[in-house]
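Each remark here refers to the structure printed beneath this line.
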Amino acid sequence: MASGSEGMSCYTIINPPEIELYNEMQIKQDLEKGEVNVKIETMKRVIQLMLQGERLPNLLMTIIRFVLPLQNHTLKKLLLIYWEIVPKTSPDGKLLQEMILVCDAYRKDLQHPNEFLRGATLRFLCKLKEPELLEPLMPTIRSSLEHRHSYVRRNAVLAIFTIYKNFDWLVPDGPELIANFLDTQQDMSCKRNAFLMLLHADQERALNYLASCLDQVSGFGDILQLVIVELIYKVCHANPAERSRFIRCIYNLLNSSSNAVRYEAAGTLVTLSTAPTAIKAAVSCYIDLIVKESDNNVKLIVLDRLIALKENENIERIMQELVMDVLRVLSATDIEVRRKTLALAMDLVSSRNIEEMVLVLKKEVSKTHNIEHEDTGKYRQLLVRTLHTCCIKFPDVAAAVIPVLVEFLSDTNELAAGDVLVFVREAIQKFSHLQPLVIEKLLEAFPAIKSAKIHRTTLWILGEYANSLKDIMEVIGVVNRALGEVPIVEAEQSRLAGNDAVEEEQKTTETVNSTNKVTSDGTYATQSAFSVAPVAKKVERPPLRQYMMDGDFFVAATLASTLTKLALKFVQLESNEKKQNRLCTCAMLIMSSILHLGKSGLPTKAITNDDTDRIYLCLKTLTLRTPEIVEIFTQSCRNALANMLNAQSDEKAQEKKDKQQKNAAKIQPDDPIAFTQLANGKNDQLGENVFELSLNQALAGTKSSALTDVASPNSKLNKVTQLTGFSDPVYAEAYVHVNQYDIVLDVLIVNQTSDTLQNCTLELATVGDLKLVEKPHPVVLAPHDFCNIKANVKVSSTENGIIFGNIVYDTTFSSNVVVLNTIQIDIMDYILPATCTDTEFRTMWVEFEWENKVSVNTTLTDLHDYLRLLLKSTNMKCLTPEKALSGQCGFMAANMYARSIFGEDALANLSIEKPLDRPDAPVTGHIRIRAKSQGMALSLGDKINHTQKCLQEKSVAA
């Protein structure tokens with residue numbers, strides 16, 4: 001709507017269909033002489049035309065004469081919309097004479113016997129901005145406060161509230177009138193509206209009323225309780241001395257029957273008091289809400305609130321006592337709720353309650369064995385990781401946790417079993433007193449393991465940490481049983497020969513048994529044993545042998561390394577040379593048998609050259625036993641693991657330290673004062689004014705830290721796109737506001753001509769996974785006038801999109817078109833840095849089918865500078881540790897990961913190099929991007945290419 005008609009405020013949003021050209025004379029005739037149904041349709045059409053910018057001044061008297069007297073309820077509702085949008089003043093700003101007749105119609109509707117018409121008219125009066133129209137109606141509005149029906153009374157209160165707020169001289173005794181009304185009311189909706197007016201118009205009267213009925217607040221309806229919570233917050237915030245007067249009321253509201261009231265009361269209690277009892281009561285209320293509320297979105301919102309509370313050190317100490325209550329949330333079925341709950345509990349747990357927490361987690365582990373659900377495997381993995389963290393953080397509980405976790409090794413979920421072995425590997429390295437227990441449990445679980453990968457890791461741990469003669473012999477015994485009879489090739493050949501002999505014997509001694517079968521048409525058919533297809537029997541083999549027969553010789557290479565370590569340790573511990581030779585010979589026999597099997601052709605796949613070289617190296621080591629190689633096998637491997645674990649713990653400690661420093665409240669005397677109007681709303685989750693904060697978040701659309709910056713007034717200029725040239729007859733520019741799942745285009749259109757532009761329409765179209773929600777309405781632009789048109793575009797996936805279109809308008813003589821520049825929707829608005837484990841990264845890398853390979857084309861000469869540029873431009877997080885990337889070797893490989901707000905994953909692998917002998921040489925290499933969808937892989941590649949191109953242009957310009 002044009003700026004010249006900004007006074008025509010309309011609170012009713014109507015989406016009109018495409019409307020053909022109208023005839024004003026025909027509309028007049030339909031309103032004068034048409035039937036009621038015709039008049040209804042004509043009134044709808046008139047309203048739609050006026051919303052599109054048409055004035056239609058000649059219809060006002062016709063509607064007053066022929067439509068206003070009718071009693072049809074649909075027409076009455078349409079008239080209320082019409083009176084809302086029709087211009088009520090002349091060009092000089094004076095009220096139109098016809099409005100006197102309309103005012104009389106208002107008064108009659110306010111005295112109508114139908115309650116709905118009365119209430120709807122009162123609600124309409126809230127939207128009037130002309131005091132001349134309201135003044136004659138005041139006695140009737142005041143009398144509506146005593147109407148028998150609550151619908152009329154509550155709308156009368158709202159009418160008085162808005163009139164007092166805008167024109168207090170029309171109802172100077174408004175607060176007193178409403179206060180007396182409040183004392184006599186029983187209906188909760190009426191009391192709520194009256195109390196809301198007192199809250200904003202006269203807080204003292206609202207406080208007096210609240211003080212008189214403090215004991216009855218818990219029995220009020222939830223809509224009134226919410227307003228009471230808001231009043232208590234505002235009063236106590238403005239005057240802290242009043243806290244003791246009303247804090248008991250907030251405590252009582254924590255037990256309200258409404259979850260909304262309980263949530264707001266808990267938030268208010270936390271901001272009003274930092275006493276331990278208040279914090280405990282609020283946190284307990286939040287936890288109870290999460291447990292009892294069925295909506296997962298609500299659970300996540302309240303969990304985020306608890307996580308925000310934990311950031312405050314004083315509150316965190318109090319919340320530590322409520323860890324067991326937090327764990328009650330694990331009864332939820334949603335995996336995201338469980339993940340956040342376990343992370344919160346892990347941050348809060350202390351040495352006082354770690355044992356109780358471990359007991360609860362062990363129970364949860366046992367529950368997952370009998371339940372087969374879509375997310376059971378993921379939940380099991382979460383529990384394993386949480387128990388892992390518990391044991392590393394509190395070593396005293398490790399002895400109780402290890403037996404429970406080792407049971408997972410036989411699980412079919414390889415991810416959970418892999419996480420168990422990661423934990424076992426770290427525990428056995430860091431806690432030497434647990435080594436005998438771990439070895440014992442691993443030996444017990446070894447025969448039940450079902451995965452080659454788990455067997456492989458278990459073999460490595462057993463070979464590395466079996467240090468006593470007894471443990472070494474037990475490990476070798478378990479390996480022999482899992483491998484079966486050696487030499488393997490001879491055993492398999494004899495098995496095959498034995499099976500063939502049995503089959504031949506069965507064939508020679510077999511008698512042909514034939515039976516008569518009746519076919520579907522009633523005839524007889526003969527079936528003999530020879531006509532039945534033979535069924536192949538599955539041969540049962542020990543697990544390690546079965547892996548090799550399936551062609552997986554990586555396990556065999558690990559087995560050879562384990563046997564070598566065990567044999568070398570045995571030689572150091574055992575003084576009897578005969579026993580030494582016997583064990584070494586046994587190990588070498590197994591290795592040579594594996595090599596023979598790999599070349600024999602019996603397995604489905606032959607042994608690879610890498611695995612062959614590894615096994616040959618082990619055989620040579622056992623033969624020569626040179627001190628350097630022996631040291632590598634017996635000590636260097638363990639030292640490398642220790643260094644890796646130390647690096648990981650240092651990195652986590654540094655991240656935690658950085659986070660604490662970032663969150664630490666540092667207020668200096670010369671720090672600037674924060675103004676709410678100028679803040680972007682992303683700092684201070686526990687801000688003083690929670691109501692203002694929640695309102696800001698509701699208006700901003702999204703609260704994500706990466707996207708809220710767009711809502712800041714300071715950054716709007718960065719998002720403005722010029723759509724037409726300055727010399728075009730119509731100038732247009734768009735501000736692109738990106739919310740989570742939609743884009744709002746705020747388009748400014750300026751008429752630079754001296755003509756009135758009729759039917760000025762913004763026509764838009766999209767490319768990519770973008771969808772225009774509705775077409776913008778046509779407007780009428782006066783000479784040198786301007787208007788703002790908003791268009792909503794829905795986003796369904798992470799993909800670069802393009803919005804294009806034109807502006808069409810009519811002048812007195814012709815129709816014209818102005819073509820707009822395209823608006824590029826940047827994929828970076830939807831991508832956020834994320835983290836995952838190496839195992840998850842490799843799993844997703846194998847699963848994702850779309851790959852985009854981008855060549856490095858840059859003027860940068862430093863590998864680390866290029867990596868930083870890439871991370872900044874793609875919003876991805878580098879998963880490769882900083883220590884692994886440090887130094888200059890002329891080559892760099894790094895893994896990167898990000899996740900979109902739609903839950904899509906994006907992986908990238910960077911491989912770059914630079915000749916060390918040429919310091920000015922640019923970085924070369926390539927980036928491989930993998931994603932589940934083609935659009936995301938291509939869009940990320942385009943973004944990288946665009947960044948490289950911009951960098952080159954800058955360097956050329958410099």
Show the nearest heavy-atom pair for residues Ala159 and Leu122, with the distance to one decimal. CB-O, 3.7 Å

Write down the atom of Val171, the atom of Arg142, and the distance for their closest heavy-atom approach. CG2-NH1, 3.8 Å

Please walk me through it: do Asp109 and Arg118 pass salt bridge (charged side-chain N to carboxylate O under 4.0 Å, His left out)? CA-CA 6 Å; Asp109 284 346; Arg118 276 197 180 195; over 6 Å; no

Whether the side chain of Gln722 engages the backbone of Ala734 through a donor-acceptor N/O pair (distance < 3.5 Å, no angle test) should be reported. no

Carboxylate-amine/guanidinium proximity below 4.0 Å for Lys28 and Glu32: no

Under 4.5 Å between any side-chain heavy atoms of Asn945 and Gln948, yes or no? yes

For residues Asn816 and Val808, determine if any side-chain heavy atom of one lies less than 4.5 Å from a side-chain heavy atom of the other. no

Are Leu757 and Asp810 packed together at the side-chain level, in the sense that at least one heavy-atom pair is separated by less than 4.5 angstrom? no

Regarding Glu41 and Asn37, do their side chains bring together a donor and an acceptor under 3.5 Å, going by distance alone? no

Can you check whether Met138 reaches Ile163 side chain to side chain, under 4.5 Å on heavy atoms? yes

As an exercise, state the distance from CZ of Arg153 to CG of Leu158, rounded to the nearest 0.5 Å. 13.5 Å

Using only atom types and a distance under 3.5 Å, with no angle test, would you say the side chain of Asn193 pairs donor to acceptor with the backbone of Arg154? yes

Does the salt bridge (charged side-chain N to carboxylate O under 4.0 Å, His left out) test come out yes or no for Glu230 and Lys234, once each step is laid out? CA-CA 6 Å; Glu230 184 178 354; Lys234 288 189 173 180; 3.4 Å; yes

State whether the side chain of Asn114 and the backbone N or O of Leu117 hold a donor-acceptor pair below 3.5 Å, judged by distance alone. yes

Smallest heavy-atom separation, Pro729 atom then Tyr809 atom, equals CG-OH, 3.3 Å

Output yes when a side-chain donor or acceptor of Asn155 lies under 3.5 Å from a complementary backbone atom of Tyr151, and no otherwise. yes

State, to 0.1 Å, how close Leu145 and Ala156 come at their nearest heavy-atom pair, and which atoms those are. CD2-CB, 3.9 Å

Worked verdict on Thr874 versus Leu940 for side-chain contact (heavy atoms from CB on, under 4.5 Å): CA-CA 7 Å; Thr874 59; Leu940 268 176; 4.2 Å; yes

Treating Asp746 as the side-chain partner and Tyr735 as the backbone partner, does any N or O pair qualify as donor plus acceptor under 3.5 Å? no

Before you tell me yes or no, could you show the steps for Ile749 and Ile807 under side-chain contact (heavy atoms from CB on, under 4.5 Å), namely the whole-Å CA-CA distance, both residues' side-chain angles and the distance that decides it to 0.1 Å? CA-CA 9 Å; Ile749 298 178; Ile807 295 175; 4.1 Å; yes

Work out which heavy atom in Phe124 is nearest to a heavy atom in Leu80; give both atom names and the distance. CE1-O, 3.4 Å

Does CZ belonging to Arg123 count more than 12 external heavy atoms closer than 6.0 Å? no

Please answer whether the main-chain N or O of Thr140 pairs with a side-chain N or O of Ser144 as donor and acceptor at a distance below 3.5 Å. yes

Begin with the C-alpha distance, continue with both residues' side-chain angles, and end with the deciding distance and a verdict on side-chain contact (heavy atoms from CB on, under 4.5 Å) for Leu49 and Ile27. CA-CA 11 Å; Leu49 287 168; Ile27 291 175; 4.0 Å; yes

Are Tyr731 and Phe786 close enough that their ring centers fall under 6.0 Å? no

At their closest point, which heavy atom of Ile141 faces which heavy atom of Leu125, and how far apart are they? CD1-CD1, 3.7 Å

Test side-chain contact (heavy atoms from CB on, under 4.5 Å) on Leu31 and Ile63 and set out the steps. CA-CA 7 Å; Leu31 290 173; Ile63 291 173; 3.8 Å; yes

Donor-acceptor under 3.5 Å (Thr761 side chain, Pro778 main chain): no

Would you say Ile823 and Leu723 make side-chain contact, with heavy atoms under 4.5 Å? yes

Are a donor atom and an acceptor atom from the side chains of Gln71 and His112 found within less than 3.5 Å of each other? yes

Answer yes or no: is there a side-chain heavy-atom contact under 4.5 Å between Lys94 and Thr89? no

Whether the side chain of Lys108 engages the backbone of Cys103 through a donor-acceptor N/O pair (distance < 3.5 Å, no angle test) should be reported. no

Report yes if some heavy atom in the side chain of Val102 is under 4.5 Å from a heavy atom in the side chain of Ile64; otherwise report no. yes

Between Asp202 and Pro175, is there a donor-acceptor pair closer than 3.5 Å when you use the side chain of the first and the backbone of the second? no

Would you indicate whether the side-chain heavy atoms of Tyr82 and Met50 approach each other to under 4.5 Å? yes

If you measure from NZ on Lys127 to CD1 on Ile85, what distance do you get to the nearest 0.5 Å? 11.5 Å

Interatomic distance, Leu832 atom CG to Asn875 atom CG [nearest 0.5 angstrom]: 7.0 Å

Tell me every residue that passes side-chain hydrogen bond (donor to acceptor under 3.5 Å, both in side chains) with Gln952, counting only those two or more places apart in sequence or in another chain. Asn857

Polar side-chain atom of Glu98 near backbone of Leu60 as donor-acceptor pair, under 3.5 Å: no

Measuring from atom CG of Leu770 to atom NZ of Lys794, what distance do you get when rounded to the nearest 0.5 angstrom? 12.0 Å

